[in-house]
Structures are given as structure tokens and as C-alpha cells.
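Written out below as C-alpha cells is the structure these notes cover.
Residue numbers begin at 1 in each chain, while the letters A, B, ... track the order of the sequences. All heavy atoms count here, side chains included; hydrogens, waters and symmetry mates do not.
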Amino acid sequence: MHTPKRYLITSALPYANGLKHIGHLAGAYLPADIYVRYLKAQKRDVVFVCGSDEHGTAIPIQATKEGTTARTIIDKYHPIMEQNFKDLGIAFDIYHRTSSSLHHETAQEFFTKLNDNGDLEIKETEQYFDEEANSFLADRYIKGTCPNCSYANAYGDQCENCGKSLSPDELINPVSTLSGNKPVKKVTKHWYLPLNRHEGFLREWILKEHASDWRGTVIGQCKSWIDGGLQPRAVTRDLDWGVSLPDSVEGGKGKVLYVWFDAPIGYISATKQWALDNGKDWKPYWEDKDTKLVHFVGKDNIVFHCIIFPVMLKLHGNILPDNVPANEFMNLEGDKMSTSRNWKLEMQDYIDDFINKENGGSQMADVLRYYLTQIAPETKDSEFTWQGFQDANNSELVGIFGNFVNRAFVLMHKLCKGKVPPLHLDILTDLDKTTIEEIKSTKEKVENLLEQYKFREALFEVINLARTGNQYMQKKEPWIVAKQTSDNGQPTTEAQQSIDNTLHICLQLCANLAVLINPFLPFTARKMCYLMKVVDKMLDWENAGKIKLLSVGYSLRSPELLFRKIEDSEISYQIEKLKAAVINRESSNVNKEKIMEEVTQPASEEKKETPVKPEIIFDDFAKIDLRAGKIVSAEKVEKADKLLKLQVDLGFETRTIVSGIALHFTPEDIVGKQVTVVVNLAPRKMRGIESNGMILMAEDSSGKLHFINPETNINPGAGVS
RNA sequence: GGCGAGGUAGCUCAGUUGGUUAGAGCACAGGAUUCAUAACCCUGAGGUCACGAGUUCAAAUCUCGUUCUCGCUACCA
């Protein structure tokens with residue numbers, strides 16, 4: 001296999017609007033770190049970059065929610081995330097941030113080059129502009145009278161009354177929702193990345209060239225996207241938070257790069273910063289064909305890293321990723337992990353509860369790394385259970401791995417005076433030989449698996465070597481052999497030689513375990529080096545498979561336990577804590593700081609924003625006829641996941657209303673329920689069914705819907721004001 | 001609803017181009033042992049490979065249908 005000259009490894013840039021959980025860790029950061037540590041142990045030229053994604057509308061929205069500025073938000077989360085990664089042993093060469101000026105310059109240069117080369121499409125349109133707010137107005141920031149139904153408060157993109165899709169031009173008497181003023185028409189342009197021009201390239205590159213070496217899930221999603229028809233994608237936005245378009249770009253004032261465009265460029269700017277800090281040249285890492293670029297991401301990020309960013313890279317003249325080993329998702333105790341529902345284990349929480357504790361320490365970071373790797377969602381969604389976590393620690397790390405190292409050290413001190421005993425080649429048994437062979441072959445296996453990004457299996461092979469060690473020791477029984485004593489009470493020469501060989505091999509096996517486990521459990525590997533009194537250099541990968549890592553006669557330290565048992569009480573505490581967090585959230589969900597949906601990003605779409613709507617006068621409000629109603633029947637609408645068809649008793653009549661609440665309520669649940677209905681809303685057809693009115697719902701911070709209804713039962717048809 | 005990925009032992013997962021009695025780890029049961037963190041070691045029990053058809057001498061594997069889970073997408077006034 002060809003060994004590339006250098007490697008550039010990236011982990012998805014986490015979005016700087018909140019703390020990240022272990023699903024993120026297992027998906028994009030831990031596997032990348034393992035891979036990087038392996039490459040570095042091989043002395044390959046490798047840079048591991050990551051950083052906070054600090055743009056996009058979710059940041060200013062979070063700021064509004066916390067009553068502060070966008071800058072404050074990112075300055076708050078960036079350092080915490082950086083520290084979290086560090087505590088868990090994720091050793092980025094640089095953890096950068098997209099708010100840095102270097103990133104802004106880099107992203108601007110990138111845009112400029114594509115723009116100058118004609119690789120972007122410019123669509124120039126007349127758009128409404130608010131002179132007072134001095135900004136262009138996105139469609140939904142404009143209101144006016146609907147040309148179709150004469151409804152007075154139609155949005156620029158759609159009329160809420162008749163449902164007709166509109167463009168702002170069609171509105172009669174348009175008004176800016178920012179200032180309430182009448183907007184003026186101004187010419188504006190937006191830049192688009194015409195993905196459709198690159199379909200041929202993508203088909204060839206992904207579906208042919210990488211058909212066999214990329215994961216099936218990755219290929220599948222890419223194919224789905226390409227076959228679905230690629231569309232031009234807007235690169236710019238009218239916003240003030242983000243990377244501004246370069247001044248040199250005509251008509252670029254007041255526009256920023258769309259976050260999906262700027263975020264992945266963060267990999268490049270991070271590399272530049274790293275190069276600056278270390279006196280290196282960044283260019284070969286992004287331009288030389290002999291660089292192997294690998295993006296580690298979660299499955300929600302596949303298309304950005306396999307389709308969109310590669311098109312950008314190709315146009316800009318950069319290398320393309322060699323692989324994107326995307327992981328599936330990790331569930332927690334039977335349910336999806338979710339920040340908004342508070343069903344999660346944050347890295348910070350683990351650090352607080354296990355690492356920064358008296359009986360904790362950095363080896364507890366390794367315990368999490370171990371379990372997350374063991375259950376890594378490499379081929380399908382996997383599940384984190386606290387029971388599984390405890391079992392993995394207690395029976396594998398403690399029972400197999402830690403115990404082997406410990407008993408080898410203890411026996412060595414008891415039977416070999418605390419020194420590495422010699423190996424007597426003339427009396428090597430078949431078992432000795434096969435065990436030595438096993439050490440060598442484990443190296444090969446682990447190596448092959450890591451090259452294929454099969455981390456779970458690779459780790460299993462390492463543990464298996466420890467298992468082999470235990471079996472070997474069990475069969476050789478040096479503690480029994482030691483009882484073959486001569487007259488002086490000491491073991492006979494023959495016995496001692498057998499013991500020497502056994503422990504010599506066990507200790508060399510320990511040294512090998514340290515080398516092999518190092519990419520996965522770096523803290524443990526260091527501790528083993530300490531016990532063996534060797535320098536970290538011993539962990540170089542080339543030492544794996546060798547059985548002369550520890551010199552004969554060298555005295556080693558007294559044994560110390562590598563891992564501690566995790567008690568049942570700690571597990572039940574965590575489970576209680578998890579459940580309690582959900583209950584807390586449910587019972588106090590009103591106006592609590594809204595935590596944005598979790599985003600593994602760097603480049604997902606921005607979440608929909610919900611700005612406060614423009615002021616209305618009482619007359620506007622009075623136009624809305626609200627009535628109390630009662631649901632008399634409900635059924636699911638076919639071919640629609642979210643729609644329920646309801647019959648609502650309004651006293652004076654019973655109406656059909658279609659409502660998008662099917663994900664939250666089953667028809668049986670809501671029959672007989674009181675509701676508040678907008679009764680004078682113009683009818684609208686949805687999935688072929690005419691809906692005559694609208695049910696009012698409130699959405700809580702977890703996205704759950706609640707009916708707005710009178711406290712007590714009142715007669716259908718009663719007015720609401 | 002469309003597209004993609006999945007459904008294999010109590011749990012977490014492997015199963016290469018269809019080919020003997022479908023594998024591993026954990027948990028469980030029995031045994032052995034004491035150097036070791038009641039750890040380790042040996043043995044065992046366990047599965048209608050989601051369900052139903054089809055192709056084949058032969059199907060966990062290929063085809064079609066059904067169903068459930070996850071992701072993307074549409075429907076939300």
C-alpha cells in the first residue's frame with residue numbers, strides 16, 4: 001500500500017452555541033484522535049485540525065436568548081469546548097475558531113477566487129431594502145397585502161391566509177418588518193454555487209472511484225443526493241453575523257457568507273494558523289496530491305463533506321478527501337440523544353463526575369474512550385448504556401487488561417526480585433513461541449484494521465492480546481512452578497528458568513500492550529511507561545510486535561492499578577441523574593433558556609429563526625376571530641407524517657381542520673379535547689383536504705406542542721379575545 | 001409519502017464473492033485455581049438470522065412484498 005507523504009485529519013467543527021455530548025465525541029472526535037495518534041506513533045507527517053464553528057444565525061439567536069451578544073456566546077463556549085476535548089485526550093494540533101481574522105481572510109480569499117473564475121453564479125434581483133435599518137430584507141421580513149386573497153399580513157414568501165407562494169414583488173403595499181417603513185426597491189445580488197455543473201465529476205469520483213473504499217452508508221447518501229438532482233446553493237446571505245464578503249466584490253456590502261460555505265474553510269484556516277505557530281508551510285497539506293485528507297464526521301454531515309465541500313475544493317484547486325469515515329449516531333439508554341430534551345451525557349458532565357474526582361484522574365478519560373470505541377456506531381446506530389459502561393470497565397479494562405498487567409508485575413516482584421528476568425532460549429516451549437507469535441500478529445491485525453477505520457475491531461484485538469496474556473500465564477503457572485524448591489528453599493534452577501521465561505514474555509507483552517493501546521487509551525499507555533520506567537518514545541509504533549522492549553535485569557516499579565472498579569452506586573446515580581434532568585426540563589419548560597437543537601456541524605443548514613414579529617395595532621388583532629372549540633373526531637392524513645384531519649365542534653357548526661400535529665398526538669389522545677381555533681382564516685388545501693381554520697398551539701423549549709385551551713370546560717363557540 | 005441505511009443469542013455487535021453443525025465479547029450456569037482489583041482460566045447452555053413469498057442442488061447472504069428503527073426530504077397557517 002502506498003504511504004502518503006503527509007496526512008491532514010479533520011474533525012467536524014462543533015457549533016459554538018452549547019456544550020457537546022458524548023455522541024459527538026464518539027462520532028467525530030474520538031475516532032479521529034485514535035487515527036491520528038496511530039499515525040503519529042508511526043512518525044508520519046500528520047496535522048489534526050479542528051475548531052469552533054462560530055457563525056450562522058443560531059449564535060445570535062442564542063445570544064438573544066441569553067440576553068447577551070453573539071461575541072459573548074462564542075467567547076463563552078469556545079474555551080469550554082477546547083478544554084473538554086483536552087480533558088478527554090483529544091489531541092488536536094490546533095483547535096481554532098472561525099471568528100478569527102485569519103479565518104475571515106481565508107474564507108474571503110476562497111470566495112474571491114471562485115467568484116473571479118466564474119465558478120459561482122450570480123443572480124441579480126431587485127429586492128426590497130429598508131433604508132432606516134440599512135439592510136436588504138429577506139422575503140420573510142416583508143409583509144403586505146396578498147394579491148390573491150387580499151389578506152393584509154401576507155409574508156414576502158407566502159401568504160399565511162391563502163397559502164399561496166409569493167415573491168415580495170407581488171405584495172401590495174409592502175412594509176418592512178424591521179422598521180415598519182415602506183421598503184424601497186434596490187438591486188441586490190446573491191452568489192450561488194452551481195452544484196448541478198459538477199454532477200459528472202461527483203458521479204465519477206464518489207460512485208466509481210470510491211465505490212469500494214468508502215463506507216456503505218456514505219456512498220448511499222451521496223448517491224441519493226446526486227440522483228435527486230443537484231441544485232445551485234446560495235453562498236451569500238443578508239446578515240451581519242458571519243464572514244463579510246470582500247470589499248472588492250461589487251454589491252457585496254452587507255452580505256456574509258452562508259455558514260455552510262465558511263465553516264469547512266475553517267479546516268484550511270486552522271491549518272494555516274497551525275503552520276504559523278509552528279514555522280511550517282501549510283500549503284502542501286491542502287495542495288499537494290500526496291497528502292491524504294480524511295474528514296471525520298457524523299452521518300448528518302455526510303453530504304457537506306462528500307459533495308459540497310469537495311466541489312468547493314476542486315474549484316479552488318485543493319486536494320479532495322481520501323475518505324470520509326462518517327459514523328452513525330449513538331443513542332443513550334434506549335433513546336436518541338438530544339440536547340433540547342436533555343437526554344444526553346455531556347462531555348463536561350462526565351469530566352466532572354468521573355475525571356475531576358478524588359478517585360478519578362485521567363485514566364477515567366480512557367475508560368470513556370474505551371467504551372465509546374467499543375460501541376462506536378461504525379455501521380449502524382449504537383447504544384450507550386451505563387450498565388454497558390460499567391461492564392466494559394469492570395470486566396475488560398479491570399478484569400482482563402489491568403489485571404494482567406498487575407499480576408505480571410506482582411509475580412515479577414515476588415519471583416524475579418523486581419527485575420526483568422532473562423529469556424532462556426534453549427528451554428522455550430511451544431506455548432512460549434506461539435505467545436510470542438501472537439504478539440507479532442496482533443500488531444499486524446491492529447494496523448490493518450486501523451488503516452480501514454475499523455476502530456472497534458482494532459481495539460478488540462488489543463484487548464484480546466491481554467486475554468492471551470492471561471491464558472498464557474494460567475497455563476504456565478509460575479506460582480506453582482516456584483514451589484519446586486531445592487534444599488535451600490529456593491526454586492530449582494530449572495524451575496527458576498521456567499519462571500524467568502514466563503515472566504519475561506509476560507512483561508514484554510505488557511510493553512506491547514502499552515504500544516498498541518496508546519492510540520486508544522493514551523493516558524493508560526503513559527502510566528504503563530511510568531511503571532516500566534521507560535520513556536514515552538517506547539510507544540513508537542515500530543516497537544509493536546517486538547519482544548525486546550524491556551532490557552533484561554532492568555528493575556521496574558512496584559505495581560499500581562491501572563483502572564479502578566466502577567461501583568453499582570455510581571451507575572445508578574448516573575441513571576437517576578439522567579432521568580431527573582428530563583423531569584426538570586419538562587416541569588419548568590417555560591421561558592427557560594432555549595437550548596438550540598444539537599448540531600454536529602460544521603456545515604448544516606442554519607436553524608430557522610423566530611424573530612419577534614412587527615408591531616400591529618389593535619384593529620389588526622381584532623380581525624382575528626378566535627373561538628373555543630372541541631375536537632369531536634380525528635384521523636391521520638394519508639401520505640403525510642405530520643398532518644391530522646380533525647372535526648371541530650364550534651357550537652354553530654362543526655368544521656374540518658387539518659393540523660400538523662401528528663408527531664405529537666395520536667388521534668385517540670385528542671378526541672374530546674378543548675382547543676382554541678382561528679375561525680375566520682381563509683380555507684387552505686393540504687394534501688388534498690380543505691382545512692377551515694387553525695388550531696392554536698404553543699411550542700415549548702423542547703419542541704413539544706401544547707394545546708392552548710380554556711382552564712375549564714366552556715361551551716364550543718365561545719369567543720376568545 | 002419519496003430516497004438512503006439498518007433489523008442476527010438476554011445485551012453490544014461480526015458474518016467477506018450464496019456452500020458443512022450461523023460466530024465473538026459481555027451477562028448467565030457449572031467446574032478448576034489462588035500470582036492477581038471475589039480478579040483470571042476451562043466447559044456449557046442460547047438464535048425459525050424481523051415477517052411472508054420467490055430464485056437455487058444450496059439463502060442470514062440474491063429478488064419481490066410486509067413490518068419496525070434511524071437519517072435526509074415532503075406535508076405543518
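In this structure, A:Asp500 has no salt bridge (Lys or Arg N to Asp or Glu O under 4.0 Å) partners at least two apart in sequence or on a different chain. Every residue was checked against the side-chain hydrogen bond (donor to acceptor under 3.5 Å, both in side chains) condition with A:Tyr453, not counting sequence neighbours, and none meets it. A:Val678 pairs by the side-chain contact (heavy atoms from CB on, under 4.5 Å) definition with A:Ile624, A:Leu626, A:Asn680, A:Leu681, A:Met694, A:Leu696, not counting sequence neighbours. With sequence neighbours left out, A:Glu461 forms a salt bridge (Lys or Arg N to Asp or Glu O under 4.0 Å) with A:Lys445. With sequence neighbours excluded, no residue satisfies side-chain hydrogen bond (donor to acceptor under 3.5 Å, both in side chains) with A:Thr502. Applying the ring-ring contact (aromatic ring centres under 6.0 Å, His included) rule to A:Phe523 yields no partners; only residues at least two apart in sequence or on another chain are considered. For A:Lys527, the salt bridge (Lys or Arg N to Asp or Glu O under 4.0 Å) criterion is met by no residue, not counting sequence neighbours.
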Give me, pair by pair, the N or O atoms of the protein and of nucleotides 67-70 of chain B that are less than 3.5 Å apart, along with how far apart they are.
from: B:C70; atom 1: O2'; to: A:Lys299; atom 2: NZ; distance (Å): 2.8
from: B:C70; atom 1: O2'; to: A:Asp381; atom 2: OD2; distance (Å): 2.8

What's touching nucleotides 36-40 of chain B from the protein side, N or O pairs under 3.5 Å?
from: B:A36; atom 1: OP1; to: A:Lys414; atom 2: NZ; distance (Å): 3.2
from: B:A36; atom 1: O3'; to: A:Asn406; atom 2: ND2; distance (Å): 3.2
from: B:A36; atom 1: O2'; to: A:Asn403; atom 2: OD1; distance (Å): 2.7
from: B:A36; atom 1: O2'; to: A:Asn406; atom 2: ND2; distance (Å): 3.1
from: B:A36; atom 1: N1; to: A:Arg407; atom 2: NH2; distance (Å): 3.4
from: B:A36; atom 1: N3; to: A:Asn403; atom 2: ND2; distance (Å): 3.4
from: B:A36; atom 1: N3; to: A:Arg407; atom 2: NE; distance (Å): 3.2
from: B:U37; atom 1: N3; to: A:Phe563; atom 2: O; distance (Å): 2.7
from: B:U37; atom 1: O4; to: A:Phe563; atom 2: N; distance (Å): 3.3
from: B:U37; atom 1: O4; to: A:Phe563; atom 2: O; distance (Å): 2.9
from: B:A39; atom 1: OP1; to: A:Lys565; atom 2: NZ; distance (Å): 2.9
from: B:A39; atom 1: O2'; to: A:Gly399; atom 2: O; distance (Å): 3.4
from: B:A39; atom 1: O2'; to: A:Asn403; atom 2: ND2; distance (Å): 3.0
from: B:C40; atom 1: O4'; to: A:Asn403; atom 2: ND2; distance (Å): 3.4
from: B:C40; atom 1: O2'; to: A:Arg407; atom 2: NH1; distance (Å): 2.6
from: B:C40; atom 1: O2; to: A:Gln474; atom 2: OE1; distance (Å): 3.4

Atom pairs under 3.5 Å, N or O on each side, protein against nucleotides 74-76 of chain B: can you list them with distances?
from: B:A74; atom 1: O2'; to: A:Arg687; atom 2: NH2; distance (Å): 3.3
from: B:A74; atom 1: N6; to: A:Asp641; atom 2: OD2; distance (Å): 2.9
from: B:A74; atom 1: N1; to: A:Asp641; atom 2: OD2; distance (Å): 3.4
from: B:C75; atom 1: O4'; to: A:Arg687; atom 2: NH2; distance (Å): 3.4
from: B:C75; atom 1: O2; to: A:Asp641; atom 2: N; distance (Å): 3.3
from: B:C75; atom 1: N4; to: A:Lys642; atom 2: NZ; distance (Å): 3.0
from: B:C76; atom 1: OP1; to: A:Arg684; atom 2: NH2; distance (Å): 3.1
from: B:C76; atom 1: N3; to: A:Lys642; atom 2: NZ; distance (Å): 2.9
from: B:C76; atom 1: N4; to: A:Lys642; atom 2: NZ; distance (Å): 2.7

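The same atom, P, is picked in B:C68 and in B:C51; the two are 15 Å apart, to the nearest Å. B:A9 and B:A36 have their P atoms separated by 40 Å, with the value rounded to a whole Å. Comparing B:A45 with B:A22, their P atoms are spaced 13 Å from each other, to the whole Å. Across B:C28 and B:U66, the matching C1' atoms stand 36 Å from one another, rounded to whole Å. Taking atom P in both B:C26 and B:C40, the straight-line distance is 8 Å, to the nearest Å. With both ends at atom C1', the span from B:G30 to B:G47 equals 22 Å, rounded to whole Å. B:U56 and B:C70 have their C1' atoms separated by 34 Å, given to the nearest Å. Comparing B:C11 with B:G2, their C1' atoms are spaced 35 Å from each other, to the whole Å.
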Return all side-chain donor-acceptor pairs below 3.5 angstrom for residues 395-402 of chain A, not counting sequence neighbours, or 'none' if the list is empty.
from: A:Ser395; atom 1: OG; to: A:Asp391; atom 2: O; distance (Å): 2.6
from: A:Glu396; atom 1: OE1; to: A:Tyr370; atom 2: OH; distance (Å): 2.4
from: A:Glu396; atom 1: OE1; to: A:Gln374; atom 2: NE2; distance (Å): 2.8
from: A:Glu396; atom 1: OE2; to: A:Gln374; atom 2: NE2; distance (Å): 3.3

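Summary of the strand contacts: A:Asn464 and A:Ser691 both lie near RNA chain B, and taking for each the nucleotide with the nearest heavy atom, the more 5' one is attributed to A:Asn464. Place A:Glu383 and A:Gly220 on RNA chain B by their nearest nucleotides, and A:Gly220 ends up nearer the 5' end.
Atom-to-atom, CD1 of A:Ile695 to C1' of B:A77 comes out at 11 Å; the value is rounded to the nearest Å. Whole-Å rounding puts the A:Asp300 CG to B:U73 C1' distance at 15 Å. Atom NE2 of A:His413 is separated from atom P of B:C35 by 17 Å (rounded to the nearest Å). One can place CD1 of A:Ile480 at 13 Å from C1' of B:C41, the figure rounded to the nearest angstrom. For A:Leu230 and B:C3, the CG to C1' distance is 14 Å, given to the nearest whole Å. Distance A:Trp214 CH2 to B:G4 P: 19 Å, rounded to the nearest Å. One can place CG of A:Leu626 at 13 Å from C1' of B:A77, the figure rounded to the nearest angstrom. Distance, A:Arg215 CZ to B:G6 P: 12 Å, rounded to whole Å.
Residue-level contact check: A:Leu411 touches the bases, meaning some heavy atom is under 4.0 Å from a base atom. Contact annotation for A:Ser382: backbone-only contact, meaning every heavy-atom pair under 4.0 Å involves sugar-phosphate atoms and none involves a base. A:Glu477 comes within 4.0 angstrom of nothing in the nucleic acid, heavy atoms only.
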- Message: Let's test your reading of the pairing rules: Watson-Crick or G-U wobble, both distances under 3.5 Å, then write RNA chain B as a dot-bracket string with ( ), [ ], | and dots.
- Response: (((((((..((((.....[...)))).((((.........)))).....(((((..]....))))))))))))....

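Checking A:Glu378, A:Arg215, A:Lys380, A:Lys299 one by one against A:Asn327, the side-chain hydrogen bond (donor to acceptor under 3.5 Å, both in side chains) holds for a single residue, A:Arg215.
If you check the side chains of A:Asp568 and A:Gln390, you find a donor sitting under 3.5 Å from an acceptor. The closest side-chain donor-acceptor pair between A:Asn470 and A:Arg407 falls under 3.5 angstrom. Residues A:His504 and A:Asn501 have side chains that never bring a donor and an acceptor to within less than 3.5 angstrom of each other.
Geometrically, A:Arg557 engages A:Tyr530 in a cation-pi contact defined by less than 6.0 Å to the ring centre and at most 45° from the axis.
In this structure, of B:C26, B:C35, B:U34, it is B:C26 that holds the atom nearest to the side chain of A:Asp391.
Here the shortest heavy-atom pairing between A:Phe409 and A:Leu531 reads CE2-O, 3.6 Å.
Using the six-membered ring where Trp is involved, A:His305 and A:Phe309 have ring planes that are perpendicular, over 60° apart on the 30 and 60° scheme.
For the atom pair A:Glu383 CD and A:Asn331 CG, the distance stands at 5.5 Å (nearest 0.5 Å).
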